[in-house]
Amino acid sequence: MKRKLYLSGFGLKRLAMVSMIIDHIGSILLGAMLGQYRTGDILVVNGDSPAALWKIMQGKEVCEILGSVAFPIFCFLMAEGFLHTRDRVGYGLRLALFALISEIPFDLAHFQTPFSLKLQNVMFTLAVSIFTLLALNWAEERWREVPGLCWAAVAVLTAAGMALAYLLRGEYVFLGVLSVALVYLLRDKGRLRTLGLVPLLVVSPWVLLAMPPILLYNGERGRGSKWFFYIFYPAHFLVLASLAALVGRAA
């Protein structure tokens, strides 16, 4: 009898991390290499083969496609984690803390400066998502017996979470909060929960690549350290920022 393939929560997280690394190699490292050929908004070739430039551009595009798997999985896991954690407030605070810790590495990697307000790292978006779910859960319990009022409160609180994410300018801004909220609200719909990720198609149609592994989720946590991702996230930005700086100096 053939053994069916399923993925645990940690299995999905590992897949998302690999996708995230690929995405950031493309945007940060290959982006730095591409910057060697850029003058203003014009790409130029200084002594190098146009074929080399074309390969870098193709590699960056492939990284963007494969990197599109990460965020939908993280959104799905945020809703799942919220439903299963014993300390929901602590979950949100932990994400917020590491969002702050990760911001300098994120800015160094993306903007070559330790401080920038152009865009904040994705943990800000995920932290806002968790606190939005806390508000939605409160509304559901508070007005359980009044469905119309409950859904009105859910809509208002979701919009408030989206507005906060927009103001913070975290990656994926309000679309991330909306997707996490929808996956949570569809929690009793089985595989139809993945429809909550549809708003992310606005960012890229390639987010559909995340659907097959999410559909293989077996509902179990699996084995792994919850702290690994928190530490790895800022650390990988520091590594990529250092490599990008070396590329810049070699130009």
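A donor-acceptor contact shorter than 3.5 Å links the side chain of S27 to the backbone of D23. Remark: the backbone N or O of G170 is not paired with any side-chain donor or acceptor of Q120 at under 3.5 angstrom. No donor-acceptor distance shorter than 3.5 angstrom exists from the side chain of S19 to the backbone of L15, with no hydrogens or angles considered. Between the side chain of S102 and the backbone N or O of A99 there is no donor-acceptor pair closer than 3.5 Å. At distances below 3.5 Å, not a single donor-acceptor pair connects side-chain atoms of N121 with backbone N or O atoms of F106. Judged by distance alone, with hydrogens and angles left aside, the side-chain atoms of D107 form a donor-acceptor pair with the main-chain N or O of S116 at under 3.5 Å.
Ion pair R144/E140 not flagged as a salt bridge, since none of the NZ, NE, NH1 or NH2 atoms sits closer than 4.0 Å to an Asp/Glu carboxylate oxygen. A salt bridge is defined here as a Lys NZ or Arg NE, NH1 or NH2 lying under 4.0 Å from an Asp or Glu carboxylate O, and E80 with R187 fails to meet this definition.
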*Is there a side-chain contact (heavy atoms from CB on, under 4.5 Å) between I28 and H110 once you walk through the steps?*
CA-CA 6 Å; I28 298 168; H110 287 86; 3.9 Å; yes

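Of the candidates Y217, Y184, F82, Y217 is the only one forming a ring-ring contact (aromatic ring centres under 6.0 Å, His included) with F76. Each of Y233, F232, W227 was checked for a ring-ring contact (aromatic ring centres under 6.0 Å, His included) with F229, and the lone residue meeting it is Y233.
The shortest side-chain heavy-atom distance between E220 and F10 does not fall under the 4.5 Å cut-off. The closest side-chain heavy-atom distance from I65 to L209 is below 4.5 Å.
Taking the six-membered ring for Trp and the full ring otherwise, the centers of Y172 and F71 sit less than 6.0 Å from each other.
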